[in-house]
Structures are given as structure tokens and as C-alpha cells.
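This report refers to the structure that appears directly beneath it.
What you see is a predicted model, and the numbers here were worked out from it, not measured in a lab. Computation of the quantities below employed the complete heavy-atom set of this structure, encompassing side-chain atoms and omitting hydrogens, waters and symmetry-equivalent molecules.
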Amino acid sequence: MEHHTPAPGYDAEKGPLPRTSSDLGPAPGGVGAVVNETNALHRNLKGRHMQMIAIGGAIGAGLFVGTGGALHNGGPGSLLLCFMIIGFMMMLMMQALAELAVMYPVNGAFFQYVVRFIDPSWGFAIGWDYAIQWLTILPFEITAAGITIDFWHHYNIGIWIAVFLVILSIIQIFGVRGYGEVEFVLSMIKIAACTGFILFGIIVNCGGVPTDNRGYIGARYWHSPEQAFRNGFKGFCSVFVTASFAFGGTELTGLAAAEATDPVREIPKATKQVFWRITFFYVVNLFVLGLIVPASSEVLLGSSGANTKASPFVLAIELAGVKILPSIFNAVITVAVISVANSATYASTRTIQAMAAQGMAPKFLAYVDKKGRPIPTIVLQLIFGLLAFVNEAETTGSTIFGWLLALSGLANFFVYGSICIAHIRFRQAWKYHGHTLDELPYKASFGVIGSYVGAFMNFICLLAQFYVAVWPLGGAKPDAEVFFSAYLALPLLIALYIIWKVYSWIKFPLHRPLFVRIKDIDVMAGMRPEQLLVSGPDVLEADRRHSIALSQAGQKKGAAGYVKSVTSALF
């Protein structure tokens, strides 16, 4: 291996050096600016927290509520296939993100990777779009949690919005440890509920519930007079965004890397569990749901947005004539949406704090107190939570809320595709600078090919949603309002990209190219100190080979190890 001079921002004795805002311009391929006068985020997330975040952050209103509208529009066949496709895409993306997060467990995670490996302007656009997505999801989830209470008794929605905002504010007092503990407990409840519903659905389908006069159901709702694929290909395409929204939050594992106690061990472990848990808690649940709930049910028409009263899971229990259980599952839905609101607070605050540290947001938002809490961004998020009170305006509230959510409707597809592209370019830069794959502490299971496939799948999903946005369901003619309500995230992204490109055109000349050149990508900055002992610029070749051999020996496991891995991934 040829010897390279130390990368900018690296000292042979001290390792990575802190950067200042002035570095942002001349180092587009590096980590970027770090505000030195702030404190560091604390590494308080343990393995059990990371494992629950991997699945818990993704189970919320999108699964328990949004799937009802998707079932009605696309039928059980489309619902199952689309969730399988998006689940496979998520698995490819998570593998790519895990490889990057283990190597560079930096604050801001994938936003930093996009800035560093693709283009600062596109990273600015992705970072802000991702932050806006979670800023608007918080009031959405708070509203959904408030509406669940209407299942038992109607109260003014403002009461519950205030209660849930106070609860979220209290959680923030305890910092990242508070977020981790709350997510751990709530995720356990959601996982237990999903497991229980699968067992319940199997019993209902086999005719084992005395109060259900339908008897044995089998695949009745997949055949005439019902339809497995409603509204044809257009109905199939319409389910993709629902699936993307339902899976949103799985990527939080990568975002939490900067606050994990042992990212090298816990991130790969949590990432590998994503496949099994997606299969078990999403695909199996939705397959069972499609067997016992007719897609033609008029109740499903209201199962969208924050309308948790129309949850298809609660409807499935009611159709079986079981008492009390609908109330229990509705309580689980309340827990689920509060959990996602908790995740929304974490995702937006860490992303915006990292952007401010990069100089891509107001500097005061980069502040972190001595307990590792990014106080200004937490306050900003909670202020956005007050937007939930817009629902008090009966005539215009839902319209305003709908457009706020439209700002982030497609954000996940752009974020996930960008992560895959960042991984591809990292691999290219890694090879260009003379490094080998043997040096990587964790390699994506599907390699760089998986990232190519993942990026392509995100592009196809965007095309499918564009098709539905231009030609909506029901044979309606193209309508500008319908199109922008579904595709508003695209013009927002373009506007954000242009803003930074124009701003940096004069101030930071090195940001002018459309992509960061491979040779300009700094693969050393932000690297874990332990990894620098393997891949550092001044490591002797003999020492490098010895470190690689030790690492590979530690990763080997026998047949019993694989059985244990599969078991722990599921349970």
C-alpha cells in the first residue's frame, strides 16, 4: 500500500483535530465545521436501547392507522407486496448506513455523509428536509395520540395536545438516556401487541372465535367479490408512500451512533435485526390483517392521516365481535404514536444541531449543555409541537396541517436514496486512497451492489408516486393541488439545494462542482480513534495486517453462533 500524507485536520500524534467554521469552505469532502465552544453529546445509549430504536421508532400511526387507507386503495395483495419491497429497500439502505456509522459515528450521521461524500449543497437540502419532516411529524403524532382518546370519550383535542407536549418536555430533561429508556419500554409494548395480533388473527382466520359468525375465512378476501389488487397498477403505486412513512424511523439507529456507548458492536447488531423484525412485525402482521379485514370496508375510508379511530387493527378485532380487546389495542396505538413523537423529537434535534455545527443552520442551535442535551433545538422542536393546536380551527386547521405534512411527504425516499449513493462514493474514495475492504470494521452484507439496487429502488418509488400524483386514484384528471400535496417535497428540496449552492458559489468556491470529487474526499476525518490504529496515514503495513487479522479472527463464529444470532434478532 502506498504511503499517503496525513489528511487535512489530522495530526499523527493527536488524531483528528477539531475544525472551525472557516474549514467548511475549503474542505467540502471533510467532516466540516464543528463549533468548538459547545459540549459533546454523551454516549449513553446502550445495546438494548439501540436494538429497540431499530424497530420501535418505525412502529406508529403509519403501521397501525395508515395501512387502513392503503388496504382500501390497493387491496391486501398490493399492501403486502409494497411493504415487502420497501422492507427490502430499507434493509439495503440500513446495511449501507451501518457500514458508514461504524466507521464514522459522527453527530448528524447520514446528513454528514451526504455533505461529505456527495455534495454539500445536496447535504444541506437533505438535512433540512429530514429535519422539517420530523418537525412536522411531531404535531401530527401528538394529534393522532389525542384522537385515540375519542375512542372512549370525546374531549377537546387541545387538552390532550397540551398533556402530551408536557410529557415529551419532561422526557427531554433526562437527555438521550431518557429518550432511550422511554423508547425501550414503549417498543416492548408495541412488539408484544404486534405478536399478540398475529396470534389473534390466525385464530380468527381459522374460525376459532365464537363471537365471529364468519367462521373459517381463509383467503376469502383475496378473491371475488373482493379483490387482492384494488384499482389496478395505480392502486399498487399508491401504497408506496404509506409503506415508506410506516418504515420511517428505522434509520434512527444510524443517527444514534454518535451517542451509542459501543457503536462498533451495537450498530451492526441492531442493523442485522432489522430484516427479521421487518419480516415478522410488518409483513406477517399485514398479511394476517389482509386475511381478516375486507379491503372494501367503508370504515377504512377514514383510515388515514391522524384518524386513529379508523385503525384497521381495531376494526379487525371489532369484526370478530371481541369485547374489551379493541380498547386494549387502541391504548397500544396511543402508546405507539407517543413513541414516534418521542423519536421525532430526537431525530429533529440531533439533525439540526449537527447542521448548526456545520455552519448550515444558525450557530446558536449548535449549543449542547454539560449533560449532553442540545437545548436550543429541543426548544425549537417543542415550539413546532405547538402547531398541533392548529387543529382547534375546525374549518382551516386540517387544510393547514395537510400542507405542513406535504412538505415531507417524499422526504424518506430522497434520504434513503442519498444514503445509498453516499455509501457508493465512500467505497470509491476508500479504494482511491489505497485502502482495502479488509480494513472496514463492518461491511454491508450486500456490498456496494446493494447500495446501487437500493438507490434504484428509491428512484422507482419516486416515479410510482409521481404517476399517482399526476393521475390520482378514481380516474380524476390531473390537478395542481393534488399533485403538490403529494409531491411538495421535491420543489422544497430543489429550493434548498439552490439556496446553498448560490450562497456558497461566492463564499466557498470549492462547493461549486455538482459532486465532491473522489480525490478530494477525506476518508480520515471523523474516523473512530480505534480505526485510526488500522487505517491511519502513518500506520506501518505490518501493523495494519496484524490488526486486520485480529479483527477477522474475532468475527468468526460457528453454527451455534448463527443460531444464537437469528434467535436474538427475533426476540
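The one candidate from Thr345, Leu386, Asn342 that meets the side-chain contact (heavy atoms from CB on, under 4.5 Å) condition with Leu138 is Thr345.
Between the side chain of Trp128 and the main chain of Met355, no donor-acceptor pair closer than 3.5 Å is present. For the pair Trp122 (side chain) and Val115 (backbone), a donor-acceptor distance under 3.5 Å is absent. Using modelled atom types, no side-chain atom of Lys519 and backbone atom of His433 make a donor-acceptor pair closer than 3.5 Å. In this structure, the side chain of Tyr282 does not engage the main chain of Phe247 through any donor-acceptor pair within 3.5 Å. Put simply, the side chain of Ser187 never gets that close to the backbone of Phe184: no donor and acceptor are under 3.5 Å apart. With hydrogens and angles disregarded, a donor-acceptor distance shorter than 3.5 Å links the side chain of Tyr104 to the backbone of Val523. Counting only distance, with no hydrogens or angles, the side chain of Arg116 and the backbone of Ala525 share a donor-acceptor pair below 3.5 Å.
With a 4.5 Å cut-off on side-chain heavy atoms, Ile424 and Tyr452 count as touching. For the pair Arg425 and Phe515, the minimum side-chain heavy-atom distance is below 4.5 Å.
The CZ atom of Phe384 sits 9.0 Å away from the OG atom of Ser348 when rounded to the nearest 0.5 Å. The CD1 atom of Ile378 sits 11.0 Å away from the CD1 atom of Ile352 when rounded to the nearest 0.5 Å. Once rounded to the nearest 0.5 Å, the distance linking CD1 of Ile518 with CZ of Arg427 reads 13.0 Å. Atom CG of Leu496 is separated from atom CE of Met360 by 11.5 Å, given to the nearest 0.5 angstrom. To the nearest 0.5 Å, atoms OH (Tyr432) and CD (Gln428) are separated by 12.5 Å. Here OH of Tyr113 is found 9.5 Å from CD1 of Ile419. Values are rounded to the nearest 0.5 Å.
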*Yes or no on side-chain contact (heavy atoms from CB on, under 4.5 Å) for Gln381 and Leu135, after CA distance, side-chain angles and deciding distance?*
CA-CA 6 Å; Gln381 173 68 89; Leu135 285 172; 3.7 Å; yes
_Criterion side-chain contact (heavy atoms from CB on, under 4.5 Å) on Leu462 and Leu410, from CA distance to verdict_ = CA-CA 8 Å; Leu462 286 170; Leu410 296 175; 4.2 Å; yes
*Steps toward side-chain contact (heavy atoms from CB on, under 4.5 Å) verdict (Leu92, Tyr416)*: CA-CA 10 Å; Leu92 296 176; Tyr416 300 155; over 6 Å; no
*side-chain contact (heavy atoms from CB on, under 4.5 Å) assessment of Phe459 paired with Phe413*: CA-CA 8 Å; Phe459 177 71; Phe413 290 128; over 6 Å; no
_If you apply the rule ring-ring contact (aromatic ring centres under 6.0 Å, His included), what do you find for Tyr130 with Phe110, and how did you get there?_
CA-CA 10 Å; Tyr130 185 76; Phe110 42 83; 4.8 Å; yes
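A side-chain donor from one of Asn412 and Gln133 sits under 3.5 Å from a side-chain acceptor of the other. Between Tyr442 and Gln95, the side chains place a donor N or O and an acceptor N or O closer than 3.5 Å (distance only, hydrogens not considered). Side-chain contact, Trp471 with Tyr467: no donor N or O sits under 3.5 Å from an acceptor N or O. No side-chain donor-acceptor contact under 3.5 Å links Thr351 and Trp134.
Residues passing the ring pair (Phe, Tyr, Trp, His ring centres under 6.0 Å) test with Phe466 are Phe483, Tyr487, sequence neighbours excluded.
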